[in-house]
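Note that this is a predicted model, so its numbers are computed, not measured. So you know, we letter chains A, B, ... as the sequences are listed, proteins then strands, and number each from 1.
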Amino acid sequence: MRTLRDLLAVSRWAESLPDDLRARVESESFTRLCAAGALVCRKGERVEHWIGVVDGLVKMANVSAEGKPMSFTGIASGGWFGEGSLLKEEPRRYDIVALRESTIAYMPKVTFMALLDRSVAFNRFLIMQLNERLGQFIGLVEHDRLLRPEARLAQCLAGLFNPLLYGGIGKSLPVSQEELGQLAGLSRQRVNQALKVLEQASLVRVDYGGVTVLDLDALRNYEG
DNA sequence: TCATTAAATTGTT
DNA sequence: AACAATTTAATGA
């Protein structure tokens with residue numbers, strides 16, 4: 001994907017939008033190129049946009065008071081985020097970091113609110129997305145954070161490949177083991193080993209510079 | 001199209 | 001963290 005139009009083409013909420021609303025989204029939103037390692041948006045700042053990933057890979061993360069990085073989830077091409085803070089009118093609660101050079105789409109708050117007022121499909125999408133994320137985070141708490149590296153990576157991959165959240169993603173995603181390490185909070189070496197375990201269990205296939213998911217449900221429930 | 005080279009990624013210690 | 005091996009992408013004949 002290269003453009004905002006491409007992103008909208010794979011965004012389910014945009015499918016059934018009336019022409020005038022769709023045109024409004026296209027004209028009022030804009031995209032920006034974020035360098036690898038750059039902050040797409042900061043914790044604590046005013047929330048003025050709903051944000052989409054046109055192309056690239058970002059992570060939702062914070063640094064704890066002790067300085068330890070805490071990664072919540074990754075968002076790949078086709079994903080949208082930030083509706084929570086937008087709806088609650090509160091400052092953003094997390095940093096978004098680009099793991100590689102990424103094209104990011106920004107939809108102004110007024111546009112977002114117009115969709116909320118006028119599109120049932122959009123409201124349904126938001127409820128679904130909030131619910132999916134809730135389930136994802138419950139999974140994290142349930143298994144607790146000190147999972148074995150394999151389980152941690154499995155959880156992380158399952159989140160990345162959620163077909164409901166990210167329409168554009170198929171079964172395979174170009175993502176390096178280095179990037180997975182940053183997402184899951186593991187060293188690249190550990191990711192390499194963990195990937196082999198998951199591949200051995202026929203949950204994923206490891207390609208050069210990418211991963212293919214073979215069994216999403218098993219990944220979600222993986223406990224070792 | 002093929003061979004060469006550089007860069008990125010992976011596998012291992 | 002370092003190093004070697006492997007894969008891909010780019011270049012030019």
Rounded to whole Å, how long is the line connecting atom CG of A:L186 with atom C1' of B:dT10?
16 Å
Donor-acceptor pairs under 3.5 angstrom involving side-chain atoms of residues 78-86 of chain A: please list them, not counting sequence neighbours.
| residue | atom | partner | partner atom | Å |
| --- | --- | --- | --- | --- |
| A:W80 | NE1 | A:S11 | OG | 2.9 |
| A:E83 | OE1 | A:W50 | NE1 | 2.9 |
| A:E83 | OE1 | A:Q129 | NE2 | 3.0 |
| A:E83 | OE2 | A:Q129 | NE2 | 3.2 |

Counting neighbours of NZ on A:K109 that are heavy atoms of other residues, nucleotides or ligands and sit closer than 6.0 Å, is the number greater than 12?
yes
Please tabulate the protein-to-nucleotide N/O contacts below 3.5 Å involving nucleotides 11-13 of chain B, giving atom names and distances.
| residue | atom | partner | partner atom | Å |
| --- | --- | --- | --- | --- |
| B:dG11 | OP2 | A:Q177 | NE2 | 3.1 |
| B:dG11 | OP2 | A:N192 | ND2 | 2.2 |
| B:dG11 | N7 | A:R188 | NH1 | 3.3 |
| B:dG11 | O6 | A:R188 | NH2 | 2.7 |
| B:dT12 | OP2 | A:K196 | NZ | 2.5 |

Listed pairs, N/O of protein and of nucleotides 8-11 of chain C, under 3.5 Å:
none

Scan side-chain atoms only and decide if A:N162 and A:Q136 contain a donor-acceptor pair under the 3.5 Å cut-off.
no
A:I104 vs A:V58 side-chain heavy atoms within contact, under 4.5 Å:
yes
Over 60° means perpendicular and under 30° means parallel, so tell me whether A:F122 and A:F112 are parallel, tilted or perpendicular.
perpendicular
Solution key, residues 179-186 of chain A side-chain donor-acceptor pairs under 3.5 Å, sequence neighbours excluded:
| residue | atom | partner | partner atom | Å |
| --- | --- | --- | --- | --- |
| A:E179 | OE1 | A:R100 | NH2 | 3.0 |
| A:E179 | OE1 | A:S176 | N | 3.0 |
| A:E179 | OE2 | A:R100 | NE | 2.9 |

For A:Y166, the ring pair (Phe, Tyr, Trp, His ring centres under 6.0 Å) test, sequence neighbours excluded, returns none
Output a table of donor-acceptor pairs, distance under 3.5 Å, between side-chain atoms of residues 210-218 of chain A and any protein atom two or more places apart or on a different chain; print 'none' if there are none.
| residue | atom | partner | partner atom | Å |
| --- | --- | --- | --- | --- |
| A:T212 | OG1 | A:D207 | OD2 | 3.0 |
| A:D215 | OD1 | A:D217 | N | 3.4 |
| A:D215 | OD1 | A:A218 | N | 3.0 |
| A:D217 | OD1 | A:R220 | NH1 | 3.4 |

